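Scroll down for the structure; my scribbles are underneath it.
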Amino acid sequence: MYNSQMRQGEVHQRLRRALRDSVQENYGVAIDDIVQERPPKSSLGDAAFPVAFDLARIAKMAPRKIAETLAPALESVQGVARVDVAGAGYLNVFVDRASYVEDFLAPRKNDAPKTHSKTIVEHTNINPNKAAHIGHLRNAALGDTFVRVLRYRGHDVEVQNYIDDTGVQVADVVVGFLHIEKKTLDEVRAIINEGRFDYVCWDLYARVSGFYAEDRERLKLRENTLKAIEEGTGPEGPLGELIAETIVRYHLTTMERIDVRYDLLPWESDILRLHFWERAYELLKEKKAIRLATKGKNVGCWIMDLGTEGEEPSEQDEKVIVRSNGTVTYVGKDIAYQMWKLGLLDRHFQYEAFHRYPDGHTVWSTTSDGTTASTTSDGTTASTTPSGASDAPSFGDGETVFNVIDVRQAYLQDIVQRGVALLASESARDRSHHFSYEMVALTPATCRELGFSVSAEEAKKPYLEVSGRRGRGVKADDLLGALETKARAEVDKRNPEMTGDEQRDIAKAIARGSLRYFMVKYTKNRVIAFDFDEALSFDGDSGPYLQYAAVRAAKILQKMSTSSVDITFPETLAESFETLGDAEADEIWSVMYEAMELGAMTETVLRTEEPAHLARFALGLAQKFNGFYHRFKIATEPNEAKRALLLLVVQLFHRQHKTALELMGIPVPDRM
RNA sequence: GCGCCUGUAGCUCAGUAGGAUAGAGCGCCGGAUUCCUAAUCCGGAGGUCGCAGGUUCGAAUCCUGCCAGGCGUACCA
């Protein structure tokens with residue numbers, strides 16, 4: 001999929017090795033991880049090593065003097081042009097520009113050795129009882145970006161979207177249809193046929209809490225419905241199934257709008273029906289990880305003790321795993337699911353095709369019974385697949401697992417991890433990562449704009465939580481619609497001669513880019529206080545800004561009848577640099593060098609589990625290119641050697657920037 | 001109460017391996033378009049990095065305490 005160079009120049013590796021050896025030789029100190037950084041200004045060099053400061057302490061010598069001793073070792077490294085000792089003792093390295101680029105463009109064999117271990121990323125996980133909202137978009141955008149970066153770095157990734165079809169949220173909508181709306185299963189089918197069932201459920205779900213509030217006795221309805229759904233009985237079971245499946249298909253369609261896709265949908269009901277839970281339950285009891293509470297507030301429940309070891313167990317540290325009526329909490333079911341994902345549960349799902357994307361990729365679904373119709377993207381029914389299709393890929397058994405789940409569930413995730421550690425091992429626990437992120441909230445002002453009531457107390461808060469239960473939120477499709485409308489107007493302003501179809505397609509690309517960038521540009525652990533004007537901005541730090549830079553570069557390449565796909569290394573590159581003044585050469589080089597840093601940046605994203613780094617990188621790169629674009633006229637440059645160099649900059653930028661955008665799911669339109 | 005997160009320019013945020021003069025976008029002021037798209041670029045103003053100690057050659061970054069805000073601490077997820 002991605003064929004551009006993934007690895008940072010080998011020069012960097014040689015530099016670190018040479019430095020490590022020289023430190024060992026001169027000071028007898030073994031430093032395995034040589035710290036490498038970027039100087040604050042590109043004119044100071046391409047790579048900086050502050051190692052002399054560490055040595056100063058050990059060797060009791062001035063850092064500058066140490067740096068001077070170490071400099072020759074770096075100077076003799078192949079591909080290095082110059083080494084400066086700067087500041088109080090930095091070793092600043094200038095690479096040989098022409099050979100660095102040549103090295104970067106050289107075809108590589110067997111780059112990034114493929115590992116056979118699989119990484120499973122679980123994301124989206126929307127309760128299948130109402131339309132997706134902006135918080136779900138953040139989850140999906142973060143998860144999908146991480147998936148793309150993992151794949152770019154050569155990892156084998158499986159994407160799972162867990163469907164909690166036996167939870168309280170689905171039960172509430174079932175209660176809504178049966179007891180508020182008084183609808184039969186067939187009547188609900190008729191409503192589904194009218195369309196936008198996810199929106200219908202959004203509104204209905206918001207009414208259910210009021211229904212319970214009027215008469216607390218009605219909460220019994222929820223309890224009984226939950227049990228019926230788990231057992232698949234009564235009118236509740238089939239109705240819950242119908243609602244969940246219909247809503248899941250809406251969610252897939254919504255996510256496809258932002259180019260987010262899945263490999264497998266594991267259904268919670270299958271965890272129960274295929275006895276995954278039963279098996280985990282046995283194991284938990286065997287290992288004495290849970291016990292039956294015989295007194296206190298949790299009497300009759302199977303609970304896990306969370307208190308620190310050695311201390312007197314207290315009731316506060318009891319976590320209910322199995323409720324007194326025998327139903328299982330989310331934590332219990334998730335322990336079973338986690339164990340399966342890690343390849344540690346001796347139980348297997350059956351699979352069937354659930355949905356096929358236009359390019360043929362299939363989303364599979366777990367199943368425990370019967371058949372389910374599979375639909376293609378245009379909504380037609382393609383086939384019915386028998387239970388346990390034999391051509392299903394092999395799912396599960398991940399070496400590493402990432403669970404993209406919001407930070408409010410950190411406590412629950414921790415309990416799940418404890419369960420895994422107790423059932424398997426500490427090392428099994430460490431293979432599972434809670435990829436946590438903060439919520440998307442609404443500012444009180446935005447709430448009022450959207451027509452939601454805001455109490456006096458709420459008005460004082462910096463932001464208000466989105467609440468599906470109260471119907472307070474921005475639906476994903478509404479936001480995408482608003483973005484498309486605005487993008488369409490902007491496109492029309494600039495390209496009035498275009499056909500409506502062309503304008504629409506470009507507007508969609510801009511809307512998607514804008515949304516996806518907005519969702520990853522903030523670091524994960526920051527609450528996004530959603531503001532419409534901010535989200536709809538197409539200037540500056542925004543998706544369209546990044547897209548615009550790519551479009552500009554593409555336009556130049558088009559005009560010069562070339563592309564960034566096959567870049568040939570211009571033999572005259574070294575001379576081209578010499579025809580320039582230092583300032584010009586530095587400016588041009590800094591765009592090239594930055595572009596070539598993409599590979600290193602993706603490694604940072606994986607190491608830190610923070611996609612925002614990629615967003616920031618792409619913004620900085622686009623800014624550099626836009627500056628370059630204004631300063632140099634590329635296509636009309638009369639000096640041939642210089643023109644070749646400028647063209648190379650555009651090619652390098654275009655290839656790398658486009659890849660960075662692809663990694664975030666941001667498309668690049670032909671024009672905009 | 002306890003746990004986790006946050007506090008950086010008027011606003012929204014980067015600064016995730018302890019490094020050099022703390023950056024970006026928006027907003028504000030002033031400029032740039034006979035030439036590859038002005039969704040752009042250039043310049044300017046704007047900072048007690050919440051407060052106080054500590055560690056270090058060096059702290060927005062690490063440690064301690066405090067202040068402010070958010071989230072969690074359910075037989076919801």
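Bear in mind that the values here come from a model prediction, so they are computed numbers and not experimental data. Every chain is numbered from 1, with letters handed out A, B, ... down the list of sequences.
Under a 3.5 Å cut-off, the side chain of Gln160(A) and the backbone N or O of Pro266(A) do not form any donor-acceptor pair. Put simply, the side chain of Arg218(A) gets close to the backbone of Phe211(A): a donor and an acceptor are under 3.5 Å apart. Remark: the backbone N or O of Phe146(A) is not paired with any side-chain donor or acceptor of Glu609(A) at under 3.5 angstrom.
Residues from residues 218-231 of chain A placing a heavy atom under 4.0 Å of any atom in RNA chain B do not occur.
Pro39(A) comes within contact range of at least one nucleobase, with a heavy-atom separation under 4.0 Å. Within 4.0 Å (heavy atoms only), Tyr545(A) reaches sugar-phosphate atoms of the nucleic acid but no base atom. Contact annotation for Asp414(A): no contact, since no heavy-atom pair falls under 4.0 Å across all strands. Nucleic acid contact class of Tyr437(A) (heavy atoms, under 4.0 Å, all strands): none. Residue-level contact check: Arg616(A) touches the bases, meaning some heavy atom is under 4.0 Å from a base atom. Contact annotation for Lys493(A): no contact, since no heavy-atom pair falls under 4.0 Å across all strands. Among the protein residues, Asn495(A) comes within range of no part of the nucleic acid, since none of its heavy atoms lies under 4.0 Å from any strand. Nucleic acid contact for Glu534(A): sugar-phosphate only, since backbone atoms but no base atoms lie under 4.0 Å from a heavy atom of the residue. When heavy atoms are screened at a 4.0 angstrom cut-off, Ile303(A) is found touching no nucleic acid atom at all. Here Leu412(A) lies in heavy-atom contact (under 4.0 Å) with a base. Residue Val527(A) is in sugar-phosphate contact alone, with no base atom involved, counting any heavy-atom pair closer than 4.0 Å across all strands shown. At the heavy-atom level, Tyr463(A) lies under 4.0 Å from the strands shown only through sugar-phosphate atoms. In this structure, Ala441(A) reaches neither bases nor backbone, as no heavy-atom distance under 4.0 Å exists between it and the strands shown. In this structure, Lys41(A) reaches the bases: a heavy-atom distance under 4.0 Å links it to at least one base atom across the strands shown.
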Under 3.5 Å for both distances, Watson-Crick or G-U wobble, that's the pair rule; now give the dot-bracket for RNA chain B, with | marking pairs to another strand and [ ] for crossing ones. (((((((..((((.....[...)))).(((((.......))))).....(((((..]....))))))))))))....
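Regarding His133(A), its NE2 atom lies at a distance of 16 Å from the P atom of A77(B), rounded to whole Å. Put simply, CZ on Phe49(A) is 17 Å from P on A20(B), counting in whole angstrom units. Lys319(A) has its NZ atom 8 Å from the C1' atom of C75(B), to the nearest Å. The distance from atom OH of Tyr629(A) to atom C1' of U33(B) is 11 Å, rounded to the nearest whole Å.
Looking at Thr636(A), its side chain has no donor and acceptor atom pair within 3.5 Å of the base of C35(B). Judged by atom type and distance alone, Arg408(A) does not reach the base of A77(B) through any side-chain donor-acceptor pair under 3.5 Å. Residue-to-nucleotide contacts include no donor-acceptor pair under 3.5 Å from the side chain of Asn298(A) to the base of A74(B).
For Arg643(A), the side-chain contact (heavy atoms from CB on, under 4.5 Å) criterion is met by Met560(A), Glu637(A), Glu640(A), not counting sequence neighbours.
A perpendicular orientation is assigned to the rings of Trp302(A) and Tyr281(A), their planes being inclined by more than 60° (bins at 30° and 60°). Taking the six-membered ring for Trp and thresholds of 30 and 60 degrees, Phe628(A) and Phe625(A) have ring planes inclined between 30 and 60 degrees apart. Taking the six-membered ring where the residue is Trp, Tyr162(A) and Tyr337(A) present parallel rings, their angle staying beneath 30° rather than reaching 60°.
A salt bridge links Arg38(A) with Glu594(A); the closest basic N to acidic carboxylate O contact falls under 4.0 Å. A salt bridge does not link Lys65(A) to Glu68(A): none of the charged side-chain nitrogens sits closer than 4.0 Å to a carboxylate oxygen.
A donor and an acceptor atom, one from each side chain of Gln36(A) and His12(A), are located under 3.5 Å apart. A donor-acceptor contact closer than 3.5 angstrom is absent between the side chains of Tyr437(A) and Arg138(A).
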